[in-house]
Amino acid sequence: MAGKQFPSLAHARPASPRGLLAGASLLLLVLLAASYFLLLSPSSPGLASPSSGSAADTAFLISLDRFLASPRPSSASSAASPGDLDAAIRAEEEARIYGDPGGAWPAAAGPLRVYVYEMPSKFTYDLLRLFRDSYRETTNLTSNGSPVHRLVEQHSIDYWLWADLIAPESQRLLKNVIRVRRQEEADIFYVPFFTTISYFLLEKQECKALYREALKWVTDQPAWQRSEGRDHVIPVHHPWSFKSVRRFVKKAIWLLPDMDSTGNWYKPGQVYLEKDVILPYVPNVDLCDSKCVSETQSRRSTLLFFRGRLRRNAGGKIRSKLVTELKDAEGIVIEEGTAGAEGKAAAQNGMRKSLFCLNPAGDTPSSARLFDAIVSGCIPVIISDELELPFEGILDYRKVLLGVPEWSSQI
């Protein structure tokens, strides 16, 4: 698709006001909050019991098995675009604005409405099966030594979003966001392509070819052409996801792991806070719930803890400098991390014994370690000039991380 010129939309009708970026961001905040805490809550359906004894029995895998074993929604469940989408949207918006002629004017605003594209299986179900079937057999490592399956699972937020959106209404967690079946009713459009799974589990050329096919499929949709993708949501939850075709979808709303303004991971003009949404990483350690926090409170004897890669590129170079400055300080534990179950257990135990957890930048401004610290009851110490926290314009992280309002005013 390199060099492809898409049709000019200079004369296209503007997108619905309800499809503005602020509305899309609000939707994603709700979606993410629900799916993120689904992963963490011990009482959520699909979580393995603590006595299961299998490292592979995670919430993601159990949920994925159940999802793939369930009957698919009918292919007729989502109507195609009407012949004249502009006219259909105009009629729909007039009905919304004026409502019943005998009733109050204007009609009250309703919940945000999302249309979920029904893409061919090679972009959705086939990739989920590929991940599930290869999970226990995957031994190859990324350049930084992390297992590929761990890296994909860490970026599984697109699975949780899509699975909930297409679930039967009675089973959905998200009650203040509705899925619509007709495109003219939609405020935003969700593109359920698993860009990260395809990046890590397909051969390079096969992945690029699939990216080009997905790009053509999406950009051929009348709703995309109408708005140039401004009301479309695309999961790009790894810095390398969808990289070869990003320039063609830069006006869409991206779901990102972080917002790198250095130019190392995203080209200028591709990502910015006014349109994109930063979503939390899925944590690598188990949730330390209120009972756990209470029980570990008196045993937190370490002042500052860090376990992970001590040498990284880009912003992560700060790690080696921190090691030099802090390695001999009293009450501070800094150690090289290791992959696998032993590495996870060591990191989890260390965080649960510590008051503060060091969270320096990785190759990108953020690190999953931030969310590992939060779910471990350890106060993160963020070292990153470029980091934008998820929903930081809405959430007061001083209260979230410290949990003591009077401390917040002093920091």
Side-chain angles (χ1 to χ4, degrees), residues 12-35 67 70-100 103 106-121 123-125 157-193 217-235 249 251-255 275 277:
R13 181 176 177 274
S16 163
R18 286 177 55 81
L20 293 175
L21 301 184
S25 297
L26 176 61
L27 165 71
L28 292 172
L29 168 61
V30 177
L31 289 175
L32 193 279
S35 54
F67 177 78
S70 301
R72 287 195 202 181
S74 170
S75 59
S77 60
S78 294
S81 173
D84 189 341
L85 183 57
D86 275 349
I89 290 176
R90 188 179 301 111
E92 179 68 27
E93 289 186 346
E94 287 176 354
R96 283 200 227 177
I97 293 173
Y98 298 109
D100 182 353
L112 203 63
R113 300 182 288 190
V114 56
Y115 180 90
V116 183
Y117 279 119
E118 188 163 328
M119 300 184 75
S121 289
F123 303 123
T124 56
Y125 288 96
I157 203 64
D158 47 5
Y159 161 75
W160 296 105
L161 291 175
W162 182 56
D164 190 72
L165 282 171
I166 67 173
E169 197 67 31
S170 61
Q171 299 176 19
R172 290 186 57 220
L173 296 178
L174 311 174
K175 302 303 183 183
N176 54 350
V177 174
I178 62 173
R179 178 190 178 188
V180 296
R181 309 290 178 169
R182 297 190 300 145
Q183 293 190 13
E184 59 266 32
E185 295 178 345
D187 299 317
I188 62 171
F189 297 77
Y190 186 76
V191 180
F193 176 41
W217 191 94
V218 171
T219 55
D220 280 348
Q221 303 304 310
W224 177 283
Q225 295 180 2
R226 180 175 174 275
S227 68
E228 292 187 299
R230 289 182 178 88
D231 51 6
H232 282 57
V233 179
I234 301 178
V249 296
K251 294 180 181 179
I253 303 162
W254 293 8
L255 309 186
K275 76 174 182 72
V277 181

Starting at [atom1] of [X], measure out to [atom2] of [Y] and round the result to the nearest 0.5 Å.
{"X": "Tyr115", "Y": "Ile188", "atom1": "OH", "atom2": "CD1", "result": "14.0 Å"}
{"X": "Tyr159", "Y": "Phe67", "atom1": "OH", "atom2": "CZ", "result": "6.0 Å"}
{"X": "Ile178", "Y": "Glu169", "atom1": "CD1", "atom2": "CD", "result": "8.0 Å"}
{"X": "Trp224", "Y": "Tyr117", "atom1": "CH2", "atom2": "OH", "result": "8.5 Å"}
{"X": "Arg226", "Y": "Asp231", "atom1": "CZ", "atom2": "CG", "result": "7.0 Å"}

Original post:
Is the backbone N or O of Leu173 less than 3.5 Å from a side-chain atom of Asp164, with the two atoms forming a donor-acceptor pair by type?
Top reply: yes
**OP:** For a ring pair (Phe, Tyr, Trp, His ring centres under 6.0 Å) with His232, tell me which candidate from Phe189, Trp254, Tyr190 qualifies.
**Re:** Phe189
Shortest non-hydrogen contact from [X] to [Y]?
{"X": "Glu228", "Y": "Arg230", "answer": "OE1-NH1, 3.0 Å"}
{"X": "Pro120", "Y": "Trp217", "answer": "CD-NE1, 3.4 Å"}
{"X": "Gln183", "Y": "Ala223", "answer": "OE1-CB, 3.8 Å"}
{"X": "Met119", "Y": "Thr124", "answer": "O-OG1, 4.1 Å"}

Original post:
What about Trp162 and Tyr125, are their ring centers closer than 6.0 Å?
Top reply: yes
**OP:** Could you check if a side-chain atom of Val114 sits within less than 4.5 angstrom of a side-chain atom of Leu165, using non-hydrogen atoms only?
**Re:** yes
Original post:
Is there a side-chain contact between Asp158 and Leu255 (heavy atoms, below 4.5 Å)?
Top reply: no
Subject >> Derivation and outcome, side-chain contact (heavy atoms from CB on, under 4.5 Å), residues Val249 and Val218 >> reply: CA-CA 10 Å; Val249 296; Val218 171; 5.9 Å; no
Subject >> Arg72 versus Ser121, side-chain donor and acceptor atoms under 3.5 Å >> reply: yes
